[in-house]
Peer 1: 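This is the structure, below, for whatever I ask next.
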Amino acid sequence: MQYTEDSSSFYVRVPARVLGCLRSGEITIILFPGHGLVLTEPIQTNLVPENLRMPNIAVCTWMRYELVY
């Protein structure tokens, strides 16, 4: 099996802040806190270490951007 890289998307590390657990098995984070934007993203609980699951904890996450031609 040959691996081909998809050049139409890339990942960027962005600052985030934990908002809280709004659904079972998901933690909601705020992307780009303090920049006047309110972008939230639910992520699976098992992807976040236990000591970073408390509300208002600053974390970094990876976002995938896709290029549109």
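Throughout, residue positions are numbered sequentially from 1 according to the sequence presented.
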Peer 1: So, do Thr61 and Val14 sit near enough that their side-chain heavy atoms are less than 4.5 Å apart?
Peer 2: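 The answer is yes, as the side chains (C-beta and beyond) meet within the 4.5 Å cut-off.
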
Peer 1: May I ask you to decide if Pro33's main-chain N or O and Arg17's side chain share a donor-acceptor pair within less than 3.5 Å?
Peer 2: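 Pair absent, no side-chain N/O of Arg17 close to backbone of Pro33.
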
Peer 1: Tell me the ring-ring contact (aromatic ring centres under 6.0 Å, His included) pairs involving residues 47-67, sequence neighbours left out?
Peer 2: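 Those involving residues 47-67 are Phe10-Tyr65.
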
Peer 1: Identify the heavy atoms of Gly20 and Pro55 that sit nearest to each other, and give their distance.
Peer 2: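 Closest approach of Gly20 to Pro55: CA-CG, 4.5 Å.
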
Peer 1: Assigning hydrophobic clusters by single linkage (Ile, Leu, Val, Met, Phe, Trp, Tyr; side-chain heavy-atom cutoff under 4.5 Å), is Val48 placed with Leu22?
Peer 2: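 Not linked; separate clusters.
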
Peer 1: Quick one: pull up CG in Leu19 and CD1 in Ile30 and give me the separation to the nearest 0.5 Å.
Peer 2: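 Leu19 atom CG to Ile30 atom CD1 measures 4.5 Å (nearest 0.5 Å).
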
Peer 1: Go through the structure and list residues passing side-chain contact (heavy atoms from CB on, under 4.5 Å) with Leu47, not counting sequence neighbours.
Peer 2: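 Partners of Leu47 under the side-chain contact (heavy atoms from CB on, under 4.5 Å) test: Gln44.
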
Peer 1: For atom CE of Met63, decide whether the heavy atoms of other residues, nucleotides or ligands shown that lie under 6.0 angstrom number more than 12.
Peer 2: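 Buried by this count: over 12 neighbours within 6.0 Å.
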
Peer 1: Would you mind reporting whether Ile43 and Ile29 have side-chain heavy atoms less than 4.5 Å apart?
Peer 2: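 SC-SC contact between Ile29 and Ile43 confirmed.
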
Peer 1: Return the set of residues passing side-chain contact (heavy atoms from CB on, under 4.5 Å) with Leu39 (not counting sequence neighbours), or none when no residue passes.
Peer 2: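 Leu39 satisfies side-chain contact (heavy atoms from CB on, under 4.5 Å) with Leu31, Phe32, Leu37 once adjacent residues are dropped.
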
Peer 1: With sequence neighbours left out, what residues match Thr45 under side-chain contact (heavy atoms from CB on, under 4.5 Å)?
Peer 2: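 Thr45 satisfies side-chain contact (heavy atoms from CB on, under 4.5 Å) with Ile27, Arg53 only.
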
